[in-house]
Amino acid sequence: MRKPIKAVLVGTAAAALLAPCTINAFAHEDHGRGSRDAQADTLGALGLRADVRIGTAVDMAALADDEPYRAKAASEFSSVTPENVMKWEVVEPNRGQYDWKEADKLVDFARVNGQLVRGHTLLWHNQLPAWLTTGDFTADELRAILRKHITDEARHFKGRIWQWDVVNEVFNDDGTLRDSIWLQKLGPGYIADAFRWAHAADPKAKLFINDYNIEGVNAKSTALYNLVVKLRKQRVPIDGVGIQGHLSVQYNAPHDIAENMKRFDDLGLETAITEADVRVPMPSDSTKQEAQAEGYDVLLRGCLLTRKCTDFTVWGFTDKYSWVPDTFEGEGAANLFDEDYKAKPAYSALRDDLLLAAGRN
Ligand code: 9MR
């Protein structure tokens with residue numbers, strides 16, 4: 001039996017526990033499948049029965065302007081991740097001037113809808129403010145700036161973040177550390193420092209290291225494993241490993257994902273799929289959609305087969321707002337719903353996996 005995940009209350013009100021999503025997840029248990037309402041059959045609700053949160057990255061412009069998007073983000077998922085608005089360039093565009101507006105909106109949205117929040121991300125090499133990248137700071141200055149950033153951000157959201165992606169994408173695919181401004185100026189110890197500072201600022205948040213191309217057993221996931229072993233030995237407060245899960249139907253799905261995740265599980269760490277999407281060469285068709293469904297299925301099964309895998313987050317749920325076409329020329333349609341919010345086979349695949357895991361098939 002999977003252990004129930006430790007639910008962290010989003011916000012302080014006990015009302016969050018009684019949010020519609022949670023109630024409906026259990027309200028119709030004794031009825032036949034046909035009699036359950038739409039809400040009770042969402043991925044989020046099914047996930048709660050299988051002890052796994054099903055989340056989505058949220059695009060704040062879409063959340064504000066697109067009612068169907070907002071409705072689905074609220075009803076279909078039991079956790080949310082800000083796609084961009086907790087990143088450094090957004091929260092501190094000018095040195096010393098914080099702007100938490102959009103991030104706070106998402107945290108409020110989550111509270112109202114009984115969802116948990118994955119904080120993303122305290123430390124990355126991308127989406128840094130220009131004042132920082134062009135500042136020509138000394139190592140001591142940069143270390144103080146980083147410490148202040150992590151402390152201030154984690155403290156601002158203290159008690160409202162379930163899991164923080166403390167460091168994001170610190171490895172190259174060959175398993176060496178990424179040659180970022182952080183490594184260059186601060187040396188490899190910056191990773192342990194980041195976790196210590198985040199923990200001091202918000203001791204209850206679960207602290208994750210997050211990366212892509214670490215779904216299967218490979219040079220990168222093994223290097224990350226070795227780093228995590230070392231950090232644990234040094235008593236660095238790290239709780240989990242986030243496996244992003246950006247796949248393409250043009251490559252084999254990572255069928256050894258459960259084997260890979262088990263290594264982390266055996267260390268006593270939590271794991272999560274944090275950014276799942278499966279892109280296809282455009283135009284999409286039904287064959288590609290079936291291949292895509294397999295990709296999603298492999299990722300979710302990896303999680304469901306791992307004792308302490310706590311959540312499965314998709315990186316956006318509709319093709320209408322995906323990052324993929326801007327990054328991979330000629331590819332797209334990577335999400336569970338098309339641009340008109342019509343569910344694809346991938347959606348049914350996830351649903352079937354969750355029904356099975358919840359023992360309700
Ligand atoms: O989806 C995000 C996109 O809107 C941004 O333009 C982009 C900037 O690099 O970041 C995207 O999100 C990334 C996430 O933060 C970390 N893992 C890879 C994601 C896709 O690039």
Side-chain angles (χ1 to χ4, degrees), residues 55-66 69 73 77 79-93 102-103 105-106 117-130 132-133 149-150 153 157 161 163-173 177-182 191 194 198 207-215 220-221 224 240-248 251 254 271-280 292 295-296 299 311-337 339:
T56 183
V58 175
D59 173 327
M60 292 311 289
L63 196 72
D65 301 337
D66 184 340
Y69 180 97
F77 302 97
S79 76
V80 290
T81 308
E83 184 171 355
N84 286 301
V85 297
M86 283 187 192
K87 292 172 181 171
W88 200 334
E89 73 172 5
V90 177
V91 300
E92 196 184 6
E102 293 298 309
K105 271 190 210 161
L106 181 63
V117 182
R118 297 200 81 255
H120 177 83
T121 170
L122 293 173
L123 177 49
W124 197 21
H125 61 279
N126 256 336
Q127 291 179 285
L128 294 170
L132 174 62
T133 51
H149 165 70
I150 291 178
E153 178 149 18
F157 294 107
I161 298 293
Q163 302 176 336
W164 262 117
D165 287 334
V166 175
V167 300
N168 190 39
E169 302 175 1
V170 298
F171 282 101
N172 296 311
D173 282 352
L177 282 177
R178 184 186 290 277
D179 189 23
S180 65
I181 173 179
W182 310 116
I191 298 174
L207 305 184
F208 277 61
I209 182 169
N210 192 50
D211 218 319
Y212 61 90
N213 287 353
I214 57 162
E215 290 72 31
K220 191 175 191 176
S221 62
L224 192 141
V241 174
I243 295 172
Q244 292 186 4
H246 293 292
L247 304 185
S248 159
Y251 308 107
T271 49
I273 307 296
T274 54
E275 306 186 12
D277 56 16
V278 185
R279 56 190 188 272
V280 308
Q292 173 177 67
Y296 274 100
L299 291 174
D311 50 309
F312 176 94
T313 290
V314 292
W315 205 243
F317 55 90
T318 163
D319 296 340
K320 200 168 171 183
Y321 304 109
S322 168
W323 67 288
V324 169
D326 294 337
T327 307
F328 298 96
E329 212 189 320
E331 294 183 79
N335 302 94
L336 298 176
F337 296 88
E339 298 195 357

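The first residue in the sequence is number 1, and the count goes up from there. Order of listing sets the numbers, starting from 1, for every ligand and every atom in it.
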Going by heavy atoms in the side chains, are V167 and W124 under 4.5 Å from each other? no

From the list D65, D59, D66, salt bridge (charged side-chain N to carboxylate O under 4.0 Å, His left out) with K320 holds only for D66

Rounded to the nearest 0.5 angstrom, the CD-CD1 distance for E169 and I214 is 10.0 Å

For ligand 1, protein residues within the heavy-atom limit of under 4.0 Å are E83, N84, K87, H120, W124, N126, Q127, N168, E169, Q244, H246, E275, W315, W323

Is it the case that the ring center of W315 lies less than 6.0 angstrom away from the ring center of Y321? no

Notebook entry, point to check: Using a distance-only test with no angle check, is there a side-chain donor-acceptor pair under 3.5 angstrom linking T274 and N210?
Noted result: yes

Contacts satisfying salt bridge (Lys or Arg N to Asp or Glu O under 4.0 Å) that involve residues 324-336 (not counting sequence neighbours) are R279-E331

